[in-house]
S.K.: 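Input: one structure, supplied below.
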Amino acid sequence: MNYTIKTELFSGPLEKLLELIEEKKMEITAMNLAEVTGDFLNYLKNIQEKTEPGILADFVVVASKLILIKSKALLPNLELTKDEETEIKDLEARLTIYNEFRIAAQHIKELAEKGARSYSKPLLAALEKQRVFYPPQELKLSDLSRAALNLADLLKKIVPEPQKIKSAIITIEQKIEELLQRFQTAAEHSFKEVTMSRPKTEIVIFFLAILHLLKDRIIDIEQKGQFEDILIKRGEQPTQ
Amino acid sequence: MEEQIKKIISQIEALLFLYGEPMNYKKIAKTLGIPEGEIKTAISAFSSELAAENRGLSLIINQDQVQLVTKPEFGKLLEDIVKEEVNETLTSVALETLAIVAYSGPISRAEIEYIRGVNSTFMLRNLMIRGLVDRQPDPKRSNVYLYRSSLELLKFIGISKTEDLPEYQRFNELVKKLWHEQPSS
Amino acid sequence: MEEQIKKIISQIEALLFLYGEPMNYKKIAKTLGIPEGEIKTAISAFSSELAAENRGLSLIINQDQVQLVTKPEFGKLLEDIVKEEVNETLTSVALETLAIVAYSGPISRAEIEYIRGVNSTFMLRNLMIRGLVDRQPDPKRSNVYLYRSSLELLKFIGISKTEDLPEYQRFNELVKKLWHEQPSS
């Protein structure tokens, strides 16, 4: 039986982000991250259906941070909390480290491929041909059955965790739905109005939803000046 | 000593260490790609080197066969190691492995490792050396062994067959279900 | 070298040869009936002795574990002698995780995931099943495990201790610095 785990084959969100930055031959800075946000969200959208929720969730976490960065770039007067400022700095730092570890991984790969391996002898090779029985004196039947009870717990652990994180994805879809419904009644919305008095995390998800809809030309957005509100309009194509 | 012969001695040491069994000169020469004559010279030099006080190994040379073993003065050492190993109570990790083998054997190493989430080569070998676990080749797959509890173990814990283990049915089915739900990918 | 230490080296050589698997200092000391301090001194002297040109073996030392192995330079030469299959290929994702564990271990899963930005439960499990990564409970936090390179990994890539990894210092400090700057996560 081959128990190779499928998740191994996917590149993670940081890897993808680095790829996008490298494609443009840019350095890892907040400004440049804002630059590739659109590409990252497109990629996320493309893999959304084919990818396990667990992996998608990892992408959404990074996406929400990127949107924060993008929002700040688009709306310079958007005030970020200390936590959010740290989060942005944090993403930069993690990308830098991650990038370095690709070199470390390369070192290990080269060592492994060189075939300069050490070999050892099996445990007590000299006893191989003897047939002996050394039971631990205190071993009882109950020890075995107790271990078997623990085994039942072990077996449960193997089955992948229920997909808690799916809610993060659903939220984006819910927001898209919410936006679409608003456009049934009015043709134009202000980003400020729509997001007023909502928690910042939700604003971020809203922004992600807007970018999704924008990509499909379901909506258009308009911003008069750098510090102005964003107007969200119904796109040229029918909404449904 | 010449550089060349030193190099050959080091290769012979590594080879005999790994091979374990007696090896004949011809095979050594072939494996190392060195003429048999040079191998003979090197083995004789190696043998005298091993006489040094800081060495724990020696060579047994029998006609054209040679084997790397511990010096005769360490004859009792193996016994000491085994005693040390055996007197230790079974660790919880060993007990866990033993339970898996007892309740769901015959079972392959890959399957045991899948359940435990840890490489189990050492643990299985340890249990085999103690005679608690037996293995036999899988009739269906080449190079795969199936592990199960030894008859001595069953006798020792006072049952006559694995099916007599407490709650045998439940655990055995649990494991079987696992293979059904998680088909090989 | 003192007579006494030579004698201990010969005993250690014989012991590790017979045992085969990694052994910790404490167990070596107990089996040979020699104080642990003397064992440590002898092992360090033994390790330098093995660097000599006429020796084909070397020691791998990982924290408090020691194993007697063949020198990595004979890896290709001995490939055919080893019966186990060794065609382990590592995907780039596995290599990335392995690199983080090897260069910055002992390290928790949360920390690994922080660097990788991806849930790493299955990857770590996979590496543990292959025996390339070891884990142990964190002495400071309950229910937290710390992951580090296994002796098997060191054998696999042919180095004798983690610190011998290329650019070890640089990568190790990189991660240490990260925890200093971002203590919260």
Side-chain angles (χ1 to χ4, degrees), chain A residues 1-11 50-55 108 111-112 114-163, chain B residues 14 17-18 20 69-70 78 81-83 85-90 92 94-100 102-104 108 110-111 113-117 121-122 125-126 128-132 141 149-150 152-153 156-159 164-168 170-171 174-175 177-179 181-185:
Chain A
M1 252 175 270
N2 177 14
Y3 299 119
T4 317
I5 288 138
K6 276 180 250 156
T7 54
E8 248 186 82
L9 303 171
F10 281 91
S11 58
K50 302 169 256 181
T51 314
E52 274 174 55
I55 297 167
I108 293 196
L111 286 174
K114 216 164 70 182
R117 299 179 56 176
S118 283
Y119 297 103
S120 58
K121 293 172 79 72
L123 174 72
L124 295 166
L127 288 182
E128 196 134 302
K129 293 195 178 101
Q130 297 176 29
R131 185 74 184 86
V132 287
F133 183 54
Y134 300 112
Q137 287 311 316
E138 76 296 348
L139 183 69
K140 285 190 260 354
L141 184 56
S142 58
D143 293 327
L144 270 187
S145 54
R146 206 173 329 111
L149 272 173
N150 297 334
L151 175 62
D153 290 338
L154 268 177
L155 293 180
K156 274 181 221 145
K157 273 187 215 151
I158 297 167
V159 182
E161 277 179 49
Q163 299 140 1
Chain B
F17 171 85
L18 203 59
V69 296
T70 51
L78 183 62
I81 301 170
V82 172
K83 263 191 206 145
E85 197 78 0
V86 168
N87 277 337
E88 283 175 19
T89 55
L90 280 188
S92 60
L95 207 53
E96 171 189 297
T97 314
L98 189 59
I100 294 173
Y103 276 90
S104 37
S108 73
E111 287 161 345
E113 288 172 344
Y114 182 73
I115 293 174
R116 297 188 59 218
T121 318
F122 170 79
R125 208 179 148 80
N126 197 312
M128 278 203 319
I129 282 172
R130 301 183 78 157
L132 304 174
R141 290 170 289 183
S149 40
S150 70
E152 290 95 329
L153 172 69
F156 185 75
I157 56 176
I159 57 174
D164 294 343
L165 284 163
E167 304 214 53
Y168 174 80
R170 192 178 135 215
F171 288 111
L174 209 61
V175 172
K177 221 174 94 194
L178 186 72
W179 307 142
E181 278 173 10
Q182 314 257 312
S184 54
S185 42

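The chains referred to below are lettered A, B, ... by the order of the sequence lines, with proteins before strands, and numbering in each begins at 1.
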S.K.: Determine whether Pro135(A) and Ile157(B) make a side-chain contact, defined as any pair of heavy atoms from C-beta on separated by less than 4.5 Å.
M.R.: no

S.K.: Ignoring hydrogens, what is the shortest heavy-atom contact between Ala99(B) and Ala148(A)? Give both atom names and the distance.
M.R.: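 Closest pair (atom of Ala99(B), atom of Ala148(A), distance): CB-N, 4.0 Å.
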
S.K.: With a 4.5 angstrom heavy-atom cut-off, could you sort out which part of Leu78(B) is near chain A: side chain, backbone, both or neither?
M.R.: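 Side chain only.
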
S.K.: Which pair of non-hydrogen atoms, one from Ser150(B) and one from Phe133(A), has the smallest distance, and what is that distance?
M.R.: OG-CE1, 4.5 Å

S.K.: Which of the residues Val82(B), Thr70(B), Ile81(B), Thr121(B) is involved in the greatest number of heavy-atom pairs with chain A at under 4.5 angstrom?
M.R.: Val82(B)

S.K.: If you take all heavy atoms of Lys121(A) and Gly20(B), which pair is closest and at what distance?
M.R.: NZ-CA, 3.9 Å

S.K.: Evaluate the side-chain proximity of Leu95(B) to Leu139(A): yes if any heavy-atom separation is below 4.5 Å, no if none is.
M.R.: yes

S.K.: Is it the backbone or the side chain of Asn150(A) that comes under 4.5 Å from a heavy atom of chain B, or both, or neither?
M.R.: neither

S.K.: Give, as side chain, backbone, both or neither, the part of Val69(B) having an atom under 4.5 angstrom from any heavy atom of chain A.
M.R.: neither

S.K.: Out of curiosity, Ile129(B) CD1 to Leu127(A) CG, how far, rounded to the nearest 0.5 Å?
M.R.: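 Answer rounded to 0.5 Å: 5.5 Å.
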
S.K.: Select one option (side chain, backbone, both, neither) describing which atoms of Phe17(B) are under 4.5 Å from chain A's heavy atoms.
M.R.: both

S.K.: Mind checking whether Leu132(B) and Tyr134(A) have side chains closer than 4.5 Å, heavy atoms only?
M.R.: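 Contact flag for Leu132(B)/Tyr134(A) side chains = no.
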
S.K.: What closest approach, in Å, do Leu18(B) and Ser120(A) show between heavy atoms, and which atom pair accounts for it?
M.R.: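 Smallest heavy-atom distance, with atoms named: CD1-O, 3.6 Å.
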
S.K.: Given the options Ala125(A), Ala126(A), Pro122(A), which has more heavy-atom pairs under 4.5 Å with chain B than any of the others?
M.R.: Pro122(A)

S.K.: Working to the nearest 0.5 Å, report the span between CG of Leu149(A) and CZ of Arg170(B).
M.R.: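 CZ of Arg170(B) is found 6.5 Å from CG of Leu149(A).
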
S.K.: Minimum heavy-atom separation for Leu123(A) and Phe122(B), please, with both atom names.
M.R.: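 The pair with the smallest heavy-atom distance is CD1-CE1, 3.6 Å.
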
S.K.: Where does Leu153(B) contact chain A at under 4.5 Å (heavy atoms): side chain, backbone, both or neither?
M.R.: both

